[in-house]
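Report on one structure; see the data block that follows.
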Amino acid sequence: MENSFLSEFKKRNYFNQCTNYEELEQLMNKNKIRAYIGFDCTSSSLHVGSLLQIMCLRLLQKYGHQPIVLLGGGTTRIGDPSGKEETRKILPEKVIEKNTKNIENVFKIFLKTKNKNTKPIFVNNYKWLGKLNYIKFLRKIGIHFTINKMLSFDSIKIRLDREQSLSYMEFNYMILQAYDFLELNKNKNCSMQIGGSDQWGNIVNGVELIKRHSNKQVFGLTTPLITLSSGSKMGKTEKGAVWLDKKLLTTYDYWQFWRNTDDEDVLRFLQMFTDLSLEKIEELKNKNINQLKIILANETTSMLHGKAAAAKAEQTAKNTFEKKSVGTDLPTLILKKKQVINGINIIDLVTATNLSNSKSEVRRMIKNKGIKINNETVESDKFNILLNNFGKENFLKLSHGKKNHVIVKIN
RNA sequence: GGAGGGGUACCAAAGUGGUCAAAUGGGGCGGGCUGUAAACCCGUUGACUUCGGUCUUCGAAGGUUCGAAUCCUUCUCCCUCCA
């Protein structure tokens, strides 16, 4: 019989592969289960690249299952070779610990924490990996892995085929991840691991380890790698990562990220990254594409920054792009009156904002007609801003290209 | 430990004494067209500049030379092969 969680999982395009779909269906129909996803702690927070996994955890909650968030404090000390062409740099322990805390906070926003039965369980694998005894580990766990098999996994094979070096440390990564699953199965009664498609090998290892070690059946489920219709990986923009963190990316910029989605991706993203029901999305389908993008931006932004903040961002975008005016969410630079009274050179003004920090770049921008004050192109890099450039309300809008605007105010 | 190959801008990659702030492609940025889309076209892509130039950059430090990304020495990192 079809399982409601899995069927929605599929319909929302989260599904890539499963170790044993039919039996997983049976299990999930019978019991509420615990499932985990592991997160790497290599950066100071999470970005949109991890959003799909987060959505999976939310979906588990929706159907009454309980997510386990595994923070890879231990495995990050080793470095996952999957999909990497080179050994990645190993971070100092202090940084990893700090990252771990920040990342945990992201989940506290996205996941529901009130319901006792579905609230997320946070674990850090450093807790058990950090105190492993090498000999005991090899005897207990190592015995279940054959080198022959390990060499056949993509993450290893690709490196070897390309004759790129792979350290022994990294080679052990998959065993550690498999061990994590075993640990969670034993101590937290966790019966499923979810992950990106690049984690398939690591996940299968865990499933097999548990089979051999404990003779228990557990499951692995993977999500596809999301690419934009342009073919590039999701989550990185010109300006850097799209962080799921207020401190690292403003609400307005986050909203804009979603608003700027390619036409081709909009429906898919509505399914993947919003809570809108599939029926609702079906209804919306025929709406104007730009309306859909606004809905997408509002839904995704509300989830992270709250409804009110999202509405503010939307209003700011409306003012900025439709009315060619300004909105409260635009970044603001405040100047003292005496700084302006004798005029400020345009280059100095632009570099004082976060629009640019290079004078050469600003000169270039002016030459290419990309700098505007109150929607009027600045023609010369000798242009001086005077008090009368600020309107009655003592502010002006400074634009860098079409999408980047800053309000400059006189105090 | 031994033998080779290599480190050039955001990335890939050319350049092996002057014409090199460094070809070309991708990416980025800006403009045009549009819808804050895609595709396409054009411009631009080290820093500073009084727009004359000036300064810094081809793994690092020295050296040869009027002149070095290019030649020499030492160091360093990466890769391959052998042990």
Side-chain angles (χ1 to χ4, degrees), chain A residues 79 81 84-90 158-167 170 227-242 250-270 285-298 300-301 310 313-327 329-331 345-348 350-373 375-384 397-406:
Chain A
K84 302 283 174 320
E85 298 201 348
E86 299 164 2
T87 303
R88 50 160 92 207
K89 290 200 180 68
I90 300 301
I158 289 171
R159 282 276 196 96
L160 295 181
D161 285 352
R162 291 193 191 159
E163 304 194 329
Q164 283 157 339
S165 79
L166 175 79
S167 70
E170 293 173 278
T227 47
L228 305 182
S229 55
S230 61
S232 56
K233 254 195 196 177
M234 186 183 182
K236 297 264 158 81
T237 66
E238 318 73 63
K239 286 174 211 146
V242 180
T250 64
T251 306
Y252 176 70
D253 286 332
Y254 190 70
W255 195 92
Q256 278 293 318
F257 167 76
W258 291 103
R259 172 63 246 258
N260 283 308
T261 301
D262 285 11
D263 286 10
E264 303 296 312
D265 293 326
V266 174
L267 277 173
R268 203 160 54 105
F269 284 4
L270 280 169
K285 221 172 169 176
N286 299 318
K287 264 202 167 185
N288 171 287
I289 189 82
N290 284 313
Q291 290 301 309
L292 289 182
K293 289 185 192 184
I294 291 170
I295 294 170
L296 175 64
N298 280 335
T300 49
T301 307
E314 183 189 358
Q315 192 55 48
T316 295
K318 237 184 202 145
N319 290 346
T320 312
F321 290 97
E322 290 173 25
K323 299 180 189 157
K324 299 276 178 216
S325 161
V326 296
D329 251 13
L330 290 182
N345 175 259
I346 181 67
I347 294 177
D348 294 331
V350 178
T351 49
T353 68
N354 58 5
L355 293 175
S356 174
N357 49 23
S358 155
K359 293 187 181 184
S360 301
E361 201 226 324
V362 179
R363 287 200 179 87
R364 229 178 279 133
M365 285 291 295
I366 291 171
K367 217 195 289 176
N368 292 337
K369 307 205 178 303
I371 298 285
K372 290 183 181 147
I373 286 182
N375 305 322
E376 287 195 30
T377 308
V378 174
E379 300 290 347
S380 157
D381 58 12
K382 304 249 177 14
F383 185 80
N384 266 300
K397 182 175 74 169
L398 184 61
S399 312
H400 176 285
K402 281 186 186 126
K403 293 190 184 177
N404 305 301
H405 310 276
V406 165

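Naming: A, B, ... by sequence-line order, numbering from 1 per chain.
Between A:F321 and A:I347, the one whose closest nucleotide on RNA chain B sits nearer the 5' end is A:F321.
B:U73 and B:U65: their C1' atoms are spaced 16 Å apart (whole Å). The same atom, P, is picked in B:C72 and in B:U16; the two are 15 Å apart, to the nearest Å. The separation of B:U34 from B:U44, taken at their P atoms, amounts to 24 Å, rounded to a whole angstrom. Distance noted for atom C1' between B:G52 and B:G43: 25 Å (whole Å). A gap of 14 Å separates the P atoms of B:U8 and B:U70, to the nearest Å. The same atom, C1', is picked in B:A39 and in B:C33; the two are 11 Å apart, to the nearest Å. Taking atom C1' in both B:A60 and B:G7, the straight-line distance is 11 Å, to the nearest Å. Taking atom C1' on both nucleotides, B:A21 is separated from B:A68 by 15 Å, rounded to a whole Å.
Its glycosidic angle being more than 90° from 0, B:G67 falls on the anti side.
Between the CD atom of A:E264 and the P atom of B:A39 there is a distance of 10 Å, given to the nearest Å. Spacing between atom CG of A:N345 and atom P of B:U49 amounts to 9 Å, rounded to whole angstrom units. Going from atom NZ of A:K367 over to atom P of B:U49 covers 14 Å, rounded to whole Å.
Of the nucleotides present, none pairs with B:A14 by Watson-Crick or G-U wobble criteria with both distances under 3.5 Å. A 3.5 Å limit on both hydrogen-bonding distances identifies no Watson-Crick or G-U partner for B:A23.
The distance from the CG atom of A:D263 to the CG atom of A:N290 is 7.5 Å, given to the nearest 0.5 Å. With rounding to the nearest 0.5 angstrom, the CD atom of A:E361 is 6.0 Å from the CE atom of A:M365. Note: A:S325 OG to A:H405 NE2 = 10.5 Å, rounded to the nearest 0.5 Å.
Paired with A:N298 under the rule side-chain contact (heavy atoms from CB on, under 4.5 Å), one option of A:L296, A:I294, A:T300 passes, and it is A:I294. For the side-chain contact (heavy atoms from CB on, under 4.5 Å) with A:V406, the lone residue among A:N354, A:V350, A:L330 that qualifies is A:N354.
With hydrogens and angles ignored, the 3.5 Å screen pairs no side-chain donor or acceptor of A:D381 with any backbone N or O of A:I346. Looking only at distances, no side-chain donor or acceptor of A:K397 sits under 3.5 Å from a matching main-chain atom of A:N375.
Distances were taken from every side-chain heavy atom of A:R364 (C-beta onward) to each of B:A47, B:G35, B:C48; the shortest belongs to B:A47. Among the nucleotides B:A38, B:C48, B:G35, the one closest to the side chain of A:S360 is B:C48. Of the candidates B:A38, B:U36, B:C29, B:A38 carries the atom nearest the A:D262 side chain, counting heavy atoms from C-beta on. Of the listed nucleotides (B:U36, B:C48, B:G35), B:G35 has the atom at the smallest distance from the side chain of A:D263.
As judged by a 4.0 angstrom heavy-atom cut-off over every strand, A:T320 is placed among residues making no nucleic acid contact. The residue A:K293 sits close to a base: some heavy atom pair falls under 4.0 Å.
The base of B:U36 sits with one of its N or O atoms less than 3.5 Å from a complementary donor or acceptor on the side chain of A:Q256.
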Write out a two-atom table: protein N or O, nucleotide N or O from nucleotides 30-33 of chain B, distance below 3.5 Å.
unit_1, atom_1, unit_2, atom_2, d
B:G30, O2', A:N368, O, 2.9
B:G32, OP2, A:K402, NZ, 2.9

Between protein and nucleic acid, restricted to nucleotides 51-53 of chain B and to nitrogen or oxygen atoms under 3.5 Å apart, what atom pairs and distances do you find?
unit_1, atom_1, unit_2, atom_2, d
B:C51, N4, A:R363, NE, 3.2

